[in-house]
Amino acid sequence: MSVEAREARQPWILLSPALGAVTLLLFVPLLFILVYSFWLRTATGADLAGFYLDNWQEALSDPFYRDILLGTLRIAAITTLVCALMGYPAAYFIARSRGNKAILLLLLMLPFWISYIIRTMSWINILGVSGGLNTFLIAVGLVDEPIQMLYNQTTVILGLVHFLLPFMVLNIYVSLEGIDTNLEDAANSLGATRWQSFLQVTLPLSLPGLAAGGLLCFVLGAGTYITPLVLGGPRDAMFANLVFEAIITQLNWPLGSALSLMLLVVLGALVLIYNRYLGMAQLMKGLG
Amino acid sequence: MSSVHLNNIVKRFGNFTAVHPTDLTIPEGDFVTLLGPSGCGKTTNLRMIAGLLDPTEGEILIGGRRMNDVPIHKRNLGIVFQNYALFPHKTVAENVGFGLRYRDVPKSEVPGRVQAALDLVQLPDVGSRYPKALSGGQQQRIALARAIVIEPEVLLLDEPLSALDANLREDMRVELKRIQHQIGVTTVFVTHDQSEALAMSDRIVVMSAGRVEQVGTPEEVYNTPASTFVANFLGASNILPARCIGRDPDKIRLQVPQFGVVPVPGERAPGVGEGAAKLVLRAEKLTLLGDGADATGLITAQATVETVDYQGQTVRYFVRLGDTPLQAINMIDTRPFAAGSTVTIGFRPQDCAALQGE
């Protein structure tokens, strides 16, 4: 074999374990789901194999699904916005702090060591009827009866922000770290105040990180079902809850498959738009 | 355009003193170089003038006005950074025009002034490009254009040439000096490169370990170094222990063990009195003499060539005179002396300088 041929083969040999895993664990199951979505669940509870468009027709035409999809995108958008507004100052502070950067980053990562479900449940201990906040309010005499704070859209967003904020902070932090601090000094020396040089130089140069963090928060937020399950009320279901409901509760795999593919297509389109304008490289930087 | 005064400036970082009490006057319109090895405090001084660092003690005056509490954006200084620090997301024209946004310049005048600055740095046609599309030397010129378009009171240059490769650096040196001369702006230039300092400056401030060693014209610091440090930092010098045995009106006589009595011009031995002294003999002034060379007026000795460092136009010899190693840098027309050969070395006493003390 020639040297060229050997060199051309080498990357594929190194990639093969990862490619094999992705194919087996992602693409093949996805193919199953695609096939499932065209099957039909009969009244007897059995699945009828074949090519039926009934699930797709129901998923695409029923306004119930459409409204929940739009509601889900809305909650994800609000969550992303809140994460950006809260995350940017934090990321800026970490990027500009001198000695204790490593400790601050460790603190940022700390929540990842605790299960996401436990973290979500912990809000019940804080906001619940017999939770910390109500106990405190009653103790200081501000209220007589515990307030019902949980199980609404606000607590769902609260839980999502709690879950997703570190992703936003990390992504913004990485892009801020890549900006030469001389640039702000240069802007200041040319007459810009600190705020003006931030708006003119630092903010535009950190937008790729903000966009990457935003994409991650939006996609992860829109795809979650645990947060609305734990912290939401009966009317706060998000789209992934419908998939969960169809597959786990009703055992209607064909409908659940069609619904999950619908969400996949919507979020996938978003990722493609992002990739078209900003490129995936920035996202990888933020994750790495 | 303004003068700059540092009055008893001190800068400490925790327990470390980066700049010991320093007084310095930079006259209006002068090109003054802060020269020294890394860690000598030259950049710290520049950053204090710029307003990027606050002095721990002392006063900074620009144009007679106390600047200590004036924030950087109100100081009206042009700074050129070592790594250019151009805004990568703005075009060249936007970069150059950046400082004009924050000044009372009518919008209609901005393009004209940006273009004039680009013409001055001889890059008239790159306004619409992004910095990334330019070479290092071009980026440096744009950084300079951005700093001077605001008509700063003082231009501060922080090792602006060190990121360029050797040939380009020499071109930019000439270019920078031309532009400075043309606009006449007071300029503070920071470098560790002695040839840049000698070539460009009206005055050189040689610094070491947070202290000013000497202030003078390039000729003064080169010909009459005020300390061993200055003598060694600006070019290679042979420094030989000696005794001053007498002072004539225009000469002092040094007794040097290796060469006998050397009469050094009085103006190149300021403050040297009788007693212990040092003879400063520049490597360029020590010549290796071939057979039959004219040695009139030279003080000579026999020495052995130990190492030959051939550099084309010049050659650097390491010779040994008794126990004393000496360096000589000579022009060559034919071929250098061979290592191991015994040669006559000689120098003119009027090319020497003297320092007081051991």
Side-chain angles (χ1 to χ4, degrees), chain A residues 84 88 91-92 95-101 103 171-215 274-286, chain B residues 13-14 43 46-47 49-53 67 70-90 94-105 114 117 130-132 139 142-160 163:
Chain A
Y88 201 102
Y92 190 87
R96 289 286 180 271
S97 65
R98 298 229 166 125
N100 42 9
K101 230 176 248 187
I103 295 170
N171 272 281
I172 300 172
Y173 166 78
V174 167
S175 70
L176 284 174
E177 270 290 284
I179 301 175
D180 177 7
T181 50
N182 274 349
L183 292 181
E184 268 189 42
D185 288 346
N188 288 336
S189 79
L190 291 166
T193 61
R194 289 191 63 174
W195 177 243
Q196 285 167 331
S197 61
F198 171 76
L199 290 180
Q200 281 292 324
V201 178
T202 311
L203 183 62
L205 289 175
S206 66
L207 281 183
L210 195 61
L215 181 75
Y274 170 89
N275 191 36
R276 168 77 181 73
Y277 290 103
L278 289 152
M280 277 305 181
Q282 182 63 36
L283 198 60
M284 298 305 149
K285 248 198 279 177
Chain B
F13 297 102
T43 300
L46 187 89
R47 293 179 74 83
I49 298 171
L52 293 167
L53 283 176
M67 282 288 149
V70 178
I72 173 169
H73 67 274
K74 290 192 176 151
R75 290 196 186 189
N76 196 30
L77 307 171
I79 307 180
V80 176
F81 293 87
Q82 189 173 352
N83 62 355
Y84 324 131
L86 294 175
F87 307 126
H89 59 302
K90 293 179 184 289
E94 285 167 346
N95 264 282
V96 175
F98 190 85
L100 298 176
R101 306 162 59 117
Y102 303 104
R103 285 169 174 74
D104 296 325
V105 177
V114 167
Y130 281 89
K132 258 199 187 125
Q139 291 186 30
I142 299 306
L144 183 63
R146 183 179 67 177
I148 58 183
V149 75
I150 59 172
E151 294 172 358
E153 292 190 50
V154 181
L155 182 61
L156 304 173
L157 308 170
D158 185 9
E159 307 225 12

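Values reported hereafter were calculated over all heavy atoms of this structure, with side chains retained and with hydrogens, waters and symmetry mates removed. If you're wondering where the values come from, they're calculated on a predicted model, not measured in any experiment. Every chain is numbered from 1, with letters handed out A, B, ... down the list of sequences.
Remark: the backbone N or O of A/G191 is not paired with any side-chain donor or acceptor of B/R101 at under 3.5 angstrom.
The number of heavy atoms from other shown groups lying within 6.0 Å of NZ (A/K101) is above 12. Annotation: A/L199, atom CG; neighbour count of heavy atoms from other residues, nucleotides and ligands within 6.0 Å is above 12. Heavy-atom contacts from other residues, nucleotides or ligands closer than 6.0 Å to CZ of A/R96 number more than 12.
Each of A/A187, A/P204, A/A192 has some count of heavy-atom pairs under 4.5 Å with chain B, and the biggest count is that of A/A192.
Within the 4.5 Å cutoff, the side chain of A/Q200 has heavy atoms near those of the B/F98 side chain. In this structure the side chain of B/P88 reaches within 4.5 angstrom of the side chain of A/L183, judged on heavy atoms. Inter-residue side-chain proximity for B/I79 and A/D185 is flagged as unmet; no heavy-atom pair is nearer than 4.5 Å.
Interface remark: A/E184 contributes no atoms to any contact with chain B (heavy atom separation under 4.5 Å). Interface remark: B/F81 contributes side-chain atoms only to the contact with chain A (heavy atom separation under 4.5 Å). When heavy atoms are compared at a cutoff of 4.5 Å, B/L86 approaches chain A solely by way of its backbone atoms N, CA, C and O.
Looking at every heavy atom in both residues, A/S189 comes nearest to B/I150 through O-CD1, 4.4 Å. The nearest pair of heavy atoms linking A/A186 to B/A85 is CB-O, 4.0 Å.
Between atom CZ of residue B/F87 and atom OG1 of residue A/T202 there is a gap of 9.5 Å, rounded to the nearest 0.5 Å.
For the side chain to side chain contact (heavy atoms under 4.5 Å, CB included) with B/I72, the lone residue among A/L190, A/T193, A/N188 that qualifies is A/N188.
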